[in-house]
Amino acid sequence: MKLGLVAHGYPPELVGGTENNVQALARALSGLGHDVFVIAGSMDYADGWRRSLVEDRDPISGNTLRVHRIHRADLYFDHWHKSASPAAGQLFEEILREESPDVINVHHWIRLSRDLVTRAARLGIPSVVTLHDLWTTCLVAFRIRPDTQDFCDAPLAPDPCGDCASKVGPATPWVQVAETMSRVAEFKLDMSRELELAALIVVPCEVHAKATARFLATDLVFGNVHVLPPARTPHPLSVRRVSEPKGEFTKDEPLVLAYFGKWSVLKGTDLLLEALSLTREPERFRLLIAGDSPTPEHDGRLRAFVKSELPAGVVTFFGPYDHSRLSQHELSAAHLFVTGTRAHESFGLVVDEALELGMGCLLPNLGALGERGARVEWATVFESGDARDLARTLDQHADDPARVSALRDAAISAVRDGDFTARAPSLEVLAHKMEELLEKAIAGGLPALPLAKMRAIDWPTREVRLQDQNDAWDHTVSGL
C-alpha cells in the first residue's frame, strides 16, 4: 500500500502533539512494509513560495520517509481568511500526482489549504481524516473566545463567529460585515465538505466526534467514525514514592503538584497560578512547572503574577524538558499532576505521561480530559476554566492526604494493568489498526453522493476567486 500522511508541520522543524503523532505513525506504517510519504506545512517562508523534499529516517526500522514540505510566503497564512489557498493547494496536487498514493491520511489543514480531501478526491484518491482538535469548527482554532478566554460552545456560523474572530489580529477593516459573513459561511461549507468526502473519519475519543458534529451543526458526516487514540510509545512505570503527612498537608509538608507542557492561555497555565492564589493557604502547596511559553511576554506575565500574588517558594519554573527523561526530572517527585487547560482536548497524552510517573491527576471536566477523568479512580475533575473551583479542589486534596494516596495508587494500578483509559495503546497496536482502516478506505473508495456534489463545483472559477481574494488581502495589509 502506498500512502501519504498530511499535516500542518513535521519534525524536526515543527514539534508538537500532532506533529509527533504523525511522525510516529508514518514511521510505524513504514515499518509494516508500506511505502509512506508525508506532506507537511512549514513556517519557513524566507525563500518564497516553493516545495522542498527531505528524508526522515526511522531509527527503529532504518526505513526512510519522503517528507514534502509546502512553503507558503503570503502574509498571515495561519489566519482563517487565508485557510483556503489555491497556490498551496496546487502544490499539494502536484505532489499527489507525482507520488500517486492509494490513499492519504489528512491530520490537519492549517498552513496548507482547507480543501485537501476535496483536491485528493478530484484526483480519484480516497482520504482518511484524523481529527486532532476543533480547528475544523472554529475560526480562531481552539474555541477559546479571545475576549473572555472562555470555551465557546456556539455552532460555527456567521453570527457570532465572524465578530468573535475579528478580535484576533491583524485587524481587517476593509473587509465589510457582509463579506465576513460570506467568508464564514464558505469556511463552514468547505470544512463540512472535507468531512463528507472522507472515506473514514478517525477521532481520538468519542466526545471529540460528538463535539465536532455539534459545532458544525451536522450529523451526516459521522456515519463511519472510528475511535483510535493517538500514536505514542508508552514509557515504563517509574514511581518516586513521595511522603504524605498523617494529617493535612502543611507549609512544612506541602502537597506537591506538577504541570509540564506548553505555558499558554489555551493550556491554562495562568489559571493554575490564579487558583493557587485563591486557596486558603497557598503556602501548603508547591507547584512545579516545566515547559516554555509561546512568547517572552507571556512568560513574563506568569512570573510577575507569581512574584506579586503568591508566597516565595510556592511555584518553581523549570525550562523545556525532554519527554523521554521525565522520570529523572525533579518534578517527577510530585504527588499529583494538574492541568488548567481551557482547550477541548481530544485525548491528552500529557496525562499518559503523568500516570506513568505514578501521579494521580486533577483535570478539567471538558473534552477528552473530562471524559477520561470522570470514569476512573486516578483522577478528580473540576469545572473547566474556573479558577475558584480548582482552588476548592486543591484545598480538598490538601485536607485529605488519604485521597491523594488513593489517586496515586489507582494511577499505578491502571498503568500496570494496561488500562487504556489510563493511556494510549502501544504504537504497534495503533499502527495495525490504522493499517486496517486505510485498507478499508481503499476498498470502499470515494463516497458517491458527496463526490457528485463536489463535481458540480465550478472549480476553475473558485480557484481564481480565492487566489484573487488572498492576493488583495496581502496587498491591503502590506499597505497599512
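- Take Gln469 and apply the side-chain hydrogen bond (donor to acceptor under 3.5 Å, both in side chains) test, not counting sequence neighbours, and it matches no residue.
- Salt bridge Arg183/Glu179: present, at least one basic N to carboxylate O contact under 4.0 Å.
- Scanning for side chain to side chain contact (heavy atoms under 4.5 Å, CB included) contacts around Ser327 gives Ser238, Leu357, with sequence neighbours left out.
- When atom types are taken as modelled, the side chain of Asn63 and the backbone of Asp58 share no donor-acceptor pair closer than 3.5 angstrom.
- Less than 6.0 angstrom separates the ring centroid of His107 from the ring centroid of His132.
- Of the N and O atoms on the side chains of His108 and Asp133, at least one donor lies less than 3.5 Å from an acceptor on the other residue.
- Judged by distance alone, the side chain of Arg66 and the main-chain N or O of Leu53 form no donor-acceptor pair under 3.5 Å.
- With sequence neighbours excluded, the residues satisfying ring-ring contact (aromatic ring centres under 6.0 Å, His included) with Phe187 are Trp135.
- Checked against side-chain hydrogen bond (donor to acceptor under 3.5 Å, both in side chains), Ser42 has the following partners two or more places apart in sequence or in another chain: Glu13, His71.
- Arg193 is linked by a side chain to side chain contact (heavy atoms under 4.5 Å, CB included) to Thr118, Leu189, Asp190, Leu197, Met454, Ile457, counting only residues two or more places apart in sequence or in another chain.
- A donor and an acceptor atom, one from each side chain of His68 and Glu98, are nowhere located under 3.5 Å apart.
- For residues 147-161, the pairs satisfying salt bridge (Lys or Arg N to Asp or Glu O under 4.0 Å) are Arg145-Asp147, with sequence neighbours left out.
- For Thr130, the side-chain hydrogen bond (donor to acceptor under 3.5 Å, both in side chains) partners at least two apart in sequence or on another chain are Asn105.
- For the pair Ile104/Leu116, no side-chain contact is recorded, criterion being any heavy-atom separation below 4.5 Å from C-beta on.
- By the side chain to side chain contact (heavy atoms under 4.5 Å, CB included) test, Val168 pairs with Val140, Pro146, sequence neighbours left out.
- The minimum heavy-atom distance linking Leu257 with Ala334 is given by the pair C-CB, 3.9 Å.
- Contact annotation: the side chain of Phe215 never approaches that of Leu156 to less than 4.5 Å [non-hydrogen atoms, C-beta and beyond].
- Partners of Gln90 by side-chain hydrogen bond (donor to acceptor under 3.5 Å, both in side chains), not counting sequence neighbours, listed by chain and number: Glu463.
- Applying the side chain to side chain contact (heavy atoms under 4.5 Å, CB included) rule to Ser293 yields the partners Trp263, His298, Asp299, Leu302; only residues at least two apart in sequence or on another chain are considered.
- For Phe337, the ring-ring contact (aromatic ring centres under 6.0 Å, His included) test picks out Phe260, with sequence neighbours left out.
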Can you list, pair by pair, the side-chain donor-acceptor contacts under 3.5 Å of residues 435-449, counting residues two or more places apart and other chains?
| residue | atom | partner | partner atom | Å |
| --- | --- | --- | --- | --- |
| Glu435 | OE2 | His34 | NE2 | 2.6 |

